[in-house]
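This is the structure I want to talk about, given as structure tokens.
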Amino acid sequence: MNLFDLTGRVAMVTGASSGIGRTIALALADAGAAVVLVARRAARLEAVRDEVAAANGRAAILPSDLSDRGSLKDCAARAAECFGAPDILVCAAGTNRRAPILDVTEQDWDMTMKLNLDAPFFLAQSLAPAMMARGFGRIINIASLQSVRAFQDCAPYGASKGAIAQLTRAQAQAWSRHGVNATAIAPGFLFAAHEG
């Protein structure tokens, strides 16, 4: 665990109320980071915070609608009030509104891009200056198999995840010389276990 010791670090995780975001948040807390949990639903965030606390970790919740571009800078600022400025940003929040490409509405397209692409871009843009000033930062964007291949009825999602892969390259090119690493993780198919 010494290789993964994050004691003294602060992580902000979007989409932390469920799925990949929740799992990453729990892992970061287990490695010693103080974690700011971000998602829309406060009750689900509270449940994850309680899981972290039960394992002797530290977490705070920050209910936020990340599809509202106007609130993203405020969200980044409020994250710093919890445990200090985040050293780590994990962008796991996302949506996939499935529809045949000819049936995709403007609302479907806009919501997908706001949550899957705008939020990671503007949150990182807000948090990176403090990371660069400290000479340390980690940005982890959740990409997808659809970053590189098309799946049926998922055109907006695939477009957003292709863009995430390229955004991550741009972030790495711009900020790695200042100690801020950017990487994208492209998970395969995930299946949740259900009781009962």
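Source: prediction; values computed, not measured.
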Worksheet entry | Residue pair Leu167 / Phe121, side-chain heavy-atom distance below 4.5 Å |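 Contact flag for Leu167/Phe121 side chains = yes.
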
Fill in: Ion pair Arg69/Asp118, N-O distance below 4.0 Å
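Between Asp118 and Arg69 there is a salt bridge, with a charged N closer than 4.0 Å to a carboxylate O.
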
Discussion item. Within the structure provided, determine whether Asn181 and Ile139 are in side-chain contact (heavy-atom separation under 4.5 Å).
Written reply: no

Worksheet entry | Ring-face cation of Arg9 near Phe83 (centre distance under 6.0 Å, axis angle within 45°) | no

Item to complete: Give the C-alpha distance, both sets of side-chain angles, the deciding distance and a yes or no for side chain to side chain contact (heavy atoms under 4.5 Å, CB included) between Ile88 and Met12.
Response: CA-CA 6 Å; Ile88 301 163; Met12 176 180 180; over 6 Å; no

Worksheet item: Given side chains that start at C-beta, do those of Val13 and Val38 come closer than 4.5 Å, heavy atoms only?
Response: no

Fill in: Gln107 side chain near Arg97 side chain, heavy-atom distance below 4.5 Å
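Of all side-chain heavy-atom pairs linking Arg97 with Gln107, at least one is under 4.5 Å.
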
Worksheet item: Looking only at atom types and distance, does a side-chain atom of Ser71 sit under 3.5 Å from a main-chain N or O of Asp68, one as donor and one as acceptor?
Response: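 Indeed, once roles are kept as given, a pair shorter than 3.5 Å links the two residues.
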
Worksheet item: Does the pair Val52 and Val35 meet the rule for a side chain to side chain contact (heavy atoms under 4.5 Å, CB included), with working shown?
Response: CA-CA 9 Å; Val52 171; Val35 183; 5.8 Å; no

Worksheet item: Between the side chains of Ser64 and Arg78, is a donor N or O closer than 3.5 angstrom to an acceptor N or O?
Response: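 Side-chain D/A pair, Ser64 to Arg78: present.
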
Worksheet item: Does the distance from a Lys or Arg side-chain N to an Asp or Glu carboxylate O, for Arg134 and Asp87, drop under 4.0 Å?
Response: yes

Discussion item. Test side chain to side chain contact (heavy atoms under 4.5 Å, CB included) on Glu51 and Leu26; report intermediate values, then the result.
Written reply: CA-CA 8 Å; Glu51 284 185 78; Leu26 293 173; 3.7 Å; yes

Discussion item. Pairing donors with acceptors under 3.5 angstrom, does anything connect the side chains of Asp108 and Thr105?
Written reply: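 Checked: Asp108/Thr105 side chains pair up, N/O donor to acceptor below 3.5 Å.
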
Worksheet item: Are Val90 and Leu37 connected, step by step, through hydrophobic side chains (Ile, Leu, Val, Met, Phe, Trp, Tyr) whose heavy atoms are closer than 4.5 Å?
Response: yes

Fill in: Minimum side-chain heavy-atom gap Leu117-Ile164 below 4.5 Å
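Touching, per the 4.5 Å side-chain cut-off.
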
Worksheet item: Does the side chain of Ser126 reach to within under 4.5 Å of the side chain of Leu72, using non-hydrogen atoms?
Response: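 A side-chain contact is absent here, since even the closest heavy-atom pair is not under 4.5 Å.
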
Item to complete: Could you check Ile185 against Ile20 for side chain to side chain contact (heavy atoms under 4.5 Å, CB included), going step by step and ending with a plain yes or no?
Response: CA-CA 11 Å; Ile185 299 172; Ile20 293 171; over 6 Å; no

Worksheet item: Can you tell if the side chain of Gln125 reaches within under 4.5 Å of the side chain of Phe122, non-hydrogen atoms only?
Response: yes

Discussion item. Would you say Asn141 and Thr168 are linked by a side-chain donor-acceptor pair, where the criterion is simply a distance under 3.5 Å?
Written reply: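 Yes, a side-chain donor-acceptor pair sits under 3.5 Å.
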
Worksheet item: Donor-acceptor pair, Thr14 side chain versus Ala92 backbone, under 3.5 Å?
Response: yes

Worksheet item: Thinking salt bridges, do Lys114 and Asp110 make one under a 4.0 Å N-O criterion?
Response: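 Salt bridge flag = no for Asp110 with Lys114.
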
Discussion item. Are the side chains of Met131 and Phe136 in contact, using a 4.5 Å heavy-atom criterion?
Written reply: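 No, side chains not in contact.
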
